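Shown next, in structure tokens, is the structure this report addresses.
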Amino acid sequence: MPIKANDPNRVSWLPVREDSDFPIQNIPFGVFLTREDVITIGTRIGDTAIDLGALHQLGYLQDIPLTDDIFLQDSLNDFISDGKKTWRAVRNRIAEIFDIQNKDLQQNEAHKKIILFALDEIEMQLPVQIGDYTDFYSSKEHATNVGKMFRDPENALLPNWLHIPVGYHGRSSTIIPSGTPIRRPYGQTLPKGSKTPVFGPSQRVDFELEMAFITTDANKLGEPIPVDDAEEYIFGLVLFNDWSARDIQKWEYVPLGPFLGKSFASSISPWIVTLDALEPFRVASPVQDPAPFPYLRQKGPGSFDIRLEVDLIPDSGESNTICRSNFRYMYWTMAQQLAHHTVNGCKINSGDMMGSGTISGPTDDSFGSMLELAWMGSKPVALKGGQTRTFIDDLDTVVLKGHCKKGGLRIGFGEVRSQLLPSVLPKTLQT
């Protein structure tokens with residue numbers, strides 16, 4: 001089935017700003033509460049949210065085999081389970097409905113009042129029920145920087161890194177939508193020069209610039225997914241801020257890896273942008289040397305030119321862009337990550353989420369974490385008004401943004417915005 005929704009010449013009858021992340025060629029998917037306090041699955045064109053539950057009930061999607069309640073749910077999981085053929089058919093039909101040449105809904109004022117919402121009339125929710133979450137470590141620049149800081153600068157990458165997409169299993173229960181504030185976490189840390197740990201709030205809370213992909217039901221237990229089939233099971237991508245407490249993590253991660261330093265919060269953008277929408281921006285990933293094992297050898301370009309940036313906003317202060325990076329820097333692709341994840345027979349379900357790992361580029365201003373930007377506190381990052389940061393301060397807001405641009409077409413993800421609140425010690429621990 002061709003991807004008709006991607007026609008770059010298509011224009012919508014809904015208003016779309018020139019710099020919008022959400023032209024009619026995007027058609028992302030999300031979940032929101034309406035002005036009537038009804039939860040629904042929807043999409044977005046420009047600054048207009050579209051209730052797909054109402055659109056379907058009113059007969060506009062009747063030519064697509066869908067269950068009656070597919071969009072009347074509080075998550076996208078069932079829709080994602082329907083597979084790429086259905087995703088593509090729905091996107092194509094939405095593009096037709098909102099094309100400026102199509103008058104069916106455009107001239108039906110009664111239906112428009114039911115289907116269309118201004119953004120200030122809705123409240124975005126977590127788009128999927130995330131059963132499992134895996135975080136990878138797939139940026140060569142990031143892994144090298146961390147290796148230089150914490151290990152031998154001459155042997156920054158561990159021996160396995162160039163052979164496998166390294167990853168770990170994280171907590172899905174603390175993945176939260178954009179706009180949800182987080183608390184500075186408590187935990188054990190080992191002060192510099194000390195031989196015994198202390199307990200208290202983390203002093204080194206950090207953001208991590210990542211993206212994450214959402215899967216559909218992909219395989220049976222014991223069945224690996226071939227690398228060249230892997231993208232068939234990837235629904236789309238979100239922006240992902242995988243918060244870290246660096247001092248807690250440093251003390252706890254040997255020998256089993258990240259735990260409390262990573263599980264306190266991870267923030268995602270609310271709109272899932274499909275791989276179909278990103279197809280015009282496909283690019284080759286970095287050359288892999290040594291060549292990976294055959295099960296990881298992907299044919300054709302496996303990455304996407306997604307421009308990323310991070311803004312830091314102090315409380316009552318101005319916004320500062322502190323990082324500009326790109327998803328195309330990732331050494332291991334999404335298809336390779338999914339193929340490796342399942343080569344042992346691991347089962348993947350609808351709504352599972354896979355984080356890319358911190359996305360760092362080759363230049364100092366493209367590093368995807370404060371750990372790197374301030375080089376473990378030795379090079380404070382200058383902000384407007386004379387402030388500096390080595391890590392994230394209380395009441396700072398971190399905003400991740402991302403978009404693709406080619407010719408006159410722009411497809412974006414919006415933003416994921418989170419504020420760090422001061423720590424609060426529960427009464428049960430006040431002894």
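All figures in this text were calculated on a predicted structure; none of them were measured in a lab. For reference, positions follow the sequence shown, starting with 1.
- For Ser194 (side chain) and Pro191 (main-chain N/O), no donor-acceptor pair under 3.5 Å exists by modelled atom type.
- Listed by chain and number, the residues in a ring-ring contact (aromatic ring centres under 6.0 Å, His included) with Phe71 are Phe79 (sequence neighbours excluded).
- Without hydrogens or angle criteria, Asp247 side chain to Gln203 main chain gives a donor-acceptor distance under 3.5 Å.
- Between the side chain of Gln125 and the main chain of Ile39, no donor-acceptor pair closer than 3.5 Å is present.
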*Check against salt bridge (charged side-chain N to carboxylate O under 4.0 Å, His left out), Asp394 and Arg184*: CA-CA 8 Å; Asp394 289 345; Arg184 181 178 295 273; 2.7 Å; yes
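- Classification of Lys401 and Asp21 as a salt-bridged pair fails, no side-chain N sitting under 4.0 Å from a carboxylate O.
- Using a cut-off of 4.0 Å between Lys/Arg side-chain N and Asp/Glu carboxylate O, Asp47 and Arg44 are scored as salt-bridged.
- Panel note: side chain His340, backbone Tyr295; no donor-acceptor pair is recorded below 3.5 Å.
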Identify every side-chain donor-acceptor pair in residues 234-244 under 3.5 Å, counting partners at least two apart or on other chains, and give the distances.
| unit_1 | atom_1 | unit_2 | atom_2 | d |
| --- | --- | --- | --- | --- |
| Asn241 | OD1 | Glu208 | N | 3.2 |
| Asp242 | OD1 | Tyr133 | OH | 3.3 |
| Asp242 | OD1 | Ser266 | OG | 2.7 |
| Asp242 | OD2 | Tyr133 | OH | 3.1 |
| Asp242 | OD2 | Lys262 | NZ | 3.0 |
| Trp243 | NE1 | Ser267 | OG | 3.2 |
| Ser244 | OG | Glu208 | OE2 | 2.8 |
| Ser244 | OG | Asp242 | O | 3.4 |
| Ser244 | OG | Lys262 | NZ | 2.6 |

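- Using modelled atom types and a 3.5 Å distance limit, the side chains of Ser178 and Glu415 yield no donor-acceptor pair.
- Checking Asn6 against Arg91 by side-chain atom types alone, a donor-acceptor pair falls below 3.5 Å.
- Judged by distance alone, the side chains of Glu141 and Thr144 never bring a donor and an acceptor atom under 3.5 Å apart.
- Between the side chain of Gln336 and the backbone N or O of Thr333 there is at least one donor-acceptor pair closer than 3.5 Å.
- If you check the side chains of Gln337 and Ser138, you find a donor sitting under 3.5 Å from an acceptor.
- Expressed to the nearest 0.5 Å, how far CG of Leu275 lies from CZ of Arg88 amounts to 10.0 Å.
- Side chain to side chain, Glu372 and Asn145 meet the donor-acceptor criterion of an N or O pair below 3.5 Å.
- Looking at Lys384, its side chain does come within 3.5 Å of a backbone N or O of Ser319 through a donor-acceptor pair.
- Here the side chain of Gln419 pairs a donor or acceptor atom with the backbone of Leu395 at under 3.5 angstrom.
- Checked by atom type and distance alone, the side chain of Arg151 pairs as donor or acceptor with a backbone atom of Ala156 at under 3.5 Å.
- No side-chain donor from either of Asp276 and Thr274 sits under 3.5 Å from a side-chain acceptor of the other.
- No side-chain donor-acceptor contact under 3.5 Å links Asp74 to the backbone of Thr40.
- If you look at Tyr186 and Phe199, their ring centroids are closer than 6.0 Å.
- A salt bridge is absent between Asp305 and Lys406: the closest approach of a Lys/Arg side-chain nitrogen to an acidic carboxylate oxygen does not fall below 4.0 angstrom.
- Among all heavy-atom pairs drawn from Thr342 and Ile225, the shortest one is OG1-N, 3.0 Å.
- Between Arg204 and Ser202, the side chains place no donor N or O within less than 3.5 Å of an acceptor N or O (distance only, hydrogens not considered).
- Checked for salt-bridge contact, Glu223 and Lys220 miss the test: no charged N lies under 4.0 Å from a carboxylate O.
- Asn320 places no side-chain N or O within donor-acceptor distance of the main-chain N or O of Ile322, the cut-off being under 3.5 Å.
- Counting heavy atoms of neighbouring residues, nucleotides and ligands inside a 6.0 Å radius, atom NZ of Lys148 does not exceed 12 of them.
- Considering Tyr137, Tyr331, Phe136 as possible partners of His142, the one that fulfils the ring-ring contact (aromatic ring centres under 6.0 Å, His included) test is Tyr137.
- Taking 4.0 Å as the cut-off between side-chain N and carboxylate O, Arg410 and Asp19 do not count as a salt-bridged pair.
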